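Below is one structure, written out as structure tokens; comments come after it.
Note that the coordinates shown come from a computational prediction; the quantities given were computed from them, not determined experimentally.
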Amino acid sequence: MKESRWVLAAMAIIFFLLLAMNTPVAWAGLLIVMVGLYQPSQKKNGRRAFAGWLFTVGMMSIILSGCAAPSEEVDQDTTAQAEKEADQQEKAEEEKKAAEEKKAKEEEQKLAEEEAAKEKAEAEKEQQALADSFGLEEVLVSRVVDGDTVELKDGRKVRFIGVNTPESTTRTEEYGKEASNYTTEKLEGKTVWLQKDVSETDRYNRYLRLVWLEIPTDDMNEEEIRTKMFNADLVLNGYAEPSTYNPDVTYSDYFVTFAREAREKETGLWAYGENGTTKGDLDSKEEKKTSSASTAKSSASKATTEEPAAPQQEYYQNCTELRKVYPDGVASDHPAYASKHDRDKDGWACER
């Protein structure tokens with residue numbers, strides 16, 4: 001009987017020891033049970049013992065703590081679940097807020113783009129109105145023929161009004177290639193605006209036009225002519241001389257002014273001499289002054305003035321014969337010039 005009692009006590013101790021690991025109260029109950037088990041042995045020794053009620057109190061403490069522990073775990077799980085749900089809800093609210101902010105930003109961006117598109121359309125409308133008021137035609141340059149002639153995407157050839165660049169095609173003049181390359185760099189593949197003066201075409205059926213790189217706000221404003229008109233650009237940078245032919249004279253005075261500036265600075269073709277490298281308005285005026293001075297000197301030294309004898313006409317059957325005497329061909333004012341030898345009708349016969 002005694003042995004079974006200790007066995008049961010040992011089992012109880014082990015069982016409740018496991019429970020006691022959960023809570024401090026269980027540990028306290030375990031100590032009370034052990035004291036209760038110890039009391040019978042003290043009674044035999046004549047000491048007063050309270051084994052029964054101590055054992056009972058200890059067991060109750062352990063049982064209650066064992067029951068309380070799962071409850072605490074449940075409370076902890078409930079708290080953790082609640083915190084998790086709160087975190088999820090907070091995250092969902094943040095995501096919702098972020099989505100709303102993104103949507104608002106997209107709508108704001110859309111409105112900004114619509115406003116920008118509206119402003120762009122209005123600006124283009126204003127530009128088109130300006131272009132129409134100046135008679136400007138928007139075109140695309142597909143190819144550059146030489147410094148003062150281009151070909152458009154629709155096949156038309158355009159000769160620039162009021163300027164003359166050195167030749168670089170049928171014959172080559174000093175600075176001709178440079179002028180052609182400059183025009184290629186500035187215009188080939190670009191959109192420009194053409195403006196008619198008076199004439200529609202020249203004798204070679206090329207369209208005579210002024211070329212604007214940008215639409216001007218005032219097509220007679222000198223600053224805008226300098227910065228936006230390509231004809232003026234060629235003269236200002238020494239790639240062309242002014243060359244005026246009636247009736248297309250609207251901008252001729254500007255071109256002459258620009259050419260004088262370039263000549264004073266010895267810019268481009270003017271670096272080769274006072275008369276540049278090709279024919280132009282400034283050359284013509286210089287020749288007139290020289291001619292007038294020679295006539296006055298001749299009149300002062302002679303009592304009578306004789307008309308200069310007309311140069312004797314030279315005749316060559318073909319260009320082969322002519323080039324034996326004049327290897328580079330002849331100009332239209334040369335005695336050997338004949339229109340039949342000038343196949344491209346550029347005023348120069350039998351050029352190489």
Side-chain angles (χ1 to χ4, degrees), residues 110-165 179-237 239-259 261-262 280-281:
K110 184 179 179 181
L111 289 173
E113 290 175 353
E114 290 176 352
E115 186 66 23
K118 184 178 178 181
E119 291 178 357
K120 183 179 178 181
E122 290 177 354
E124 289 176 351
K125 186 177 180 180
E126 291 177 1
Q127 287 289 292
Q128 188 58 52
L130 273 175
D132 293 341
S133 67
F134 300 136
L136 302 183
E137 177 189 4
E138 186 177 1
V139 298
L140 177 64
V141 177
S142 63
R143 185 175 70 92
V144 170
V145 178
D146 62 11
D148 54 30
T149 307
V150 297
E151 184 175 320
L152 306 181
K153 184 179 179 181
D154 58 17
R156 288 180 294 168
K157 285 187 177 181
V158 176
R159 174 66 165 80
F160 305 159
I161 291 175
V163 299
N164 184 38
T165 62
S180 180
N181 292 339
Y182 183 75
T183 300
T184 299
E185 178 186 349
K186 288 286 188 176
L187 300 187
E188 193 164 270
K190 306 291 179 60
T191 296
V192 296
W193 287 263
L194 302 183
Q195 184 180 38
K196 178 183 174 182
D197 194 343
V198 177
S199 303
E200 181 69 19
T201 59
D202 62 9
R203 58 177 178 165
Y204 306 114
N205 292 320
R206 297 177 299 187
Y207 288 82
L208 295 173
R209 294 292 187 271
L210 298 153
V211 179
W212 292 89
L213 302 174
E214 298 179 40
I215 299 174
T217 55
D218 180 358
D219 65 343
M220 293 305 295
N221 178 275
E222 182 174 339
E223 186 60 30
E224 293 207 72
I225 294 169
R226 285 175 177 269
T227 58
K228 297 181 179 180
M229 183 192 287
F230 187 66
N231 305 54
D233 183 286
L234 285 172
V235 177
L236 283 164
N237 288 288
Y239 291 102
E241 296 188 31
S243 182
T244 304
Y245 289 91
N246 286 320
D248 304 301
V249 298
T250 302
Y251 295 94
S252 59
D253 290 341
Y254 289 108
F255 296 158
V256 169
T257 299
F258 300 158
E261 292 179 14
D281 292 349

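Scanning all heavy atoms of the two residues, the minimum distance from Thr244 to Asp248 falls at CG2-O, 4.4 Å. Between Asp281 and Ser243 the shortest heavy-atom distance is OD1-CA, 3.4 Å.
By the 4.5 Å heavy-atom criterion applied to side chains, Asn231 and Tyr251 are not counted as neighbours. Side-chain contact between Tyr245 and Leu208 is absent, with no heavy-atom pair separated by less than 4.5 Å.
Environment of NZ in Lys157: sparse, with no more than 12 heavy atoms of neighbouring residues, nucleotides or ligands closer than 6.0 Å.
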Side chains of residues 252-259: which donor-acceptor pairs under 3.5 Å do they make with residues two or more places apart or in other chains?
unit_1: Ser252; atom_1: OG; unit_2: Val249; atom_2: O; d: 3.0
unit_1: Tyr254; atom_1: OH; unit_2: Met220; atom_2: O; d: 3.0
unit_1: Thr257; atom_1: OG1; unit_2: Asp253; atom_2: O; d: 3.0

Please list every donor-acceptor pair under 3.5 Å in which a side-chain atom of residues 110-122 meets a protein atom from a residue at least two apart or in another chain.
unit_1: Glu113; atom_1: OE2; unit_2: Gln109; atom_2: NE2; d: 3.4

Distance-only check: which donor-acceptor pairs under 3.5 Å involve side-chain atoms of residues 133-155, not counting sequence neighbours?
unit_1: Ser133; atom_1: OG; unit_2: Leu130; atom_2: O; d: 2.6
unit_1: Glu137; atom_1: OE2; unit_2: Arg156; atom_2: NH2; d: 2.7
unit_1: Ser142; atom_1: OG; unit_2: Glu151; atom_2: O; d: 3.1
unit_1: Ser142; atom_1: OG; unit_2: Leu152; atom_2: O; d: 3.1
unit_1: Arg143; atom_1: NE; unit_2: Glu151; atom_2: OE1; d: 3.4
unit_1: Arg143; atom_1: NH2; unit_2: Glu151; atom_2: OE1; d: 2.8
unit_1: Asp146; atom_1: OD1; unit_2: Asp148; atom_2: N; d: 3.2
unit_1: Asp146; atom_1: OD1; unit_2: Thr149; atom_2: N; d: 3.0
unit_1: Asp146; atom_1: OD1; unit_2: Thr149; atom_2: OG1; d: 3.3
unit_1: Asp148; atom_1: OD2; unit_2: Arg159; atom_2: NH2; d: 3.4
unit_1: Asp148; atom_1: OD2; unit_2: Thr165; atom_2: N; d: 3.1
unit_1: Asp148; atom_1: OD2; unit_2: Thr165; atom_2: OG1; d: 3.1
unit_1: Asp154; atom_1: OD1; unit_2: Arg156; atom_2: N; d: 3.1
unit_1: Asp154; atom_1: OD1; unit_2: Arg156; atom_2: NE; d: 3.4
unit_1: Asp154; atom_1: OD2; unit_2: Arg156; atom_2: NE; d: 2.9
unit_1: Asp154; atom_1: OD2; unit_2: Arg156; atom_2: NH2; d: 3.0

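The ring-ring contact (aromatic ring centres under 6.0 Å, His included) search around Phe160 returns Phe230, not counting sequence neighbours. Listed by chain and residue number, Arg206 satisfy the salt bridge (charged side-chain N to carboxylate O under 4.0 Å, His left out) test with Asp202 (two or more places apart in sequence, or in another chain). With sequence neighbours excluded, the residues that form a side-chain hydrogen bond (donor to acceptor under 3.5 Å, both in side chains) with Asp132 are Gln128. Remark: Thr217 pairs with Glu224 by the side-chain hydrogen bond (donor to acceptor under 3.5 Å, both in side chains) rule, at least two apart or across chains. With sequence neighbours left out, the side-chain hydrogen bond (donor to acceptor under 3.5 Å, both in side chains) criterion links Lys186 to no other residue. Judged as a salt bridge (charged side-chain N to carboxylate O under 4.0 Å, His left out), and not counting sequence neighbours, the contacts of Glu222 are Arg226. Annotation: side-chain contact (heavy atoms from CB on, under 4.5 Å) contacts of Lys190 (sequence neighbours excluded): none. Taking Glu188 as the reference, nothing meets the side-chain hydrogen bond (donor to acceptor under 3.5 Å, both in side chains) condition, with sequence neighbours excluded.
Among pairs with a residue in residues 179-198, those fulfilling ring pair (Phe, Tyr, Trp, His ring centres under 6.0 Å) read Tyr182-Tyr239, at least two apart in sequence or across chains.
Asp197 contributes a side-chain N or O that, together with a main-chain N or O of Thr250, makes up a donor-acceptor pair within less than 3.5 Å. Between the side chain of Arg209 and the backbone N or O of Glu200, at least one donor-acceptor pair lies under 3.5 Å.
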(request) Run the numbers on Trp212 and Asp219 for side-chain contact (heavy atoms from CB on, under 4.5 Å), then give the verdict. (result) CA-CA 9 Å; Trp212 292 89; Asp219 65 343; 3.9 Å; yes
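Met229 CE to Thr227 OG1: the interatomic distance, rounded to the nearest 0.5 Å, is 10.0 Å.
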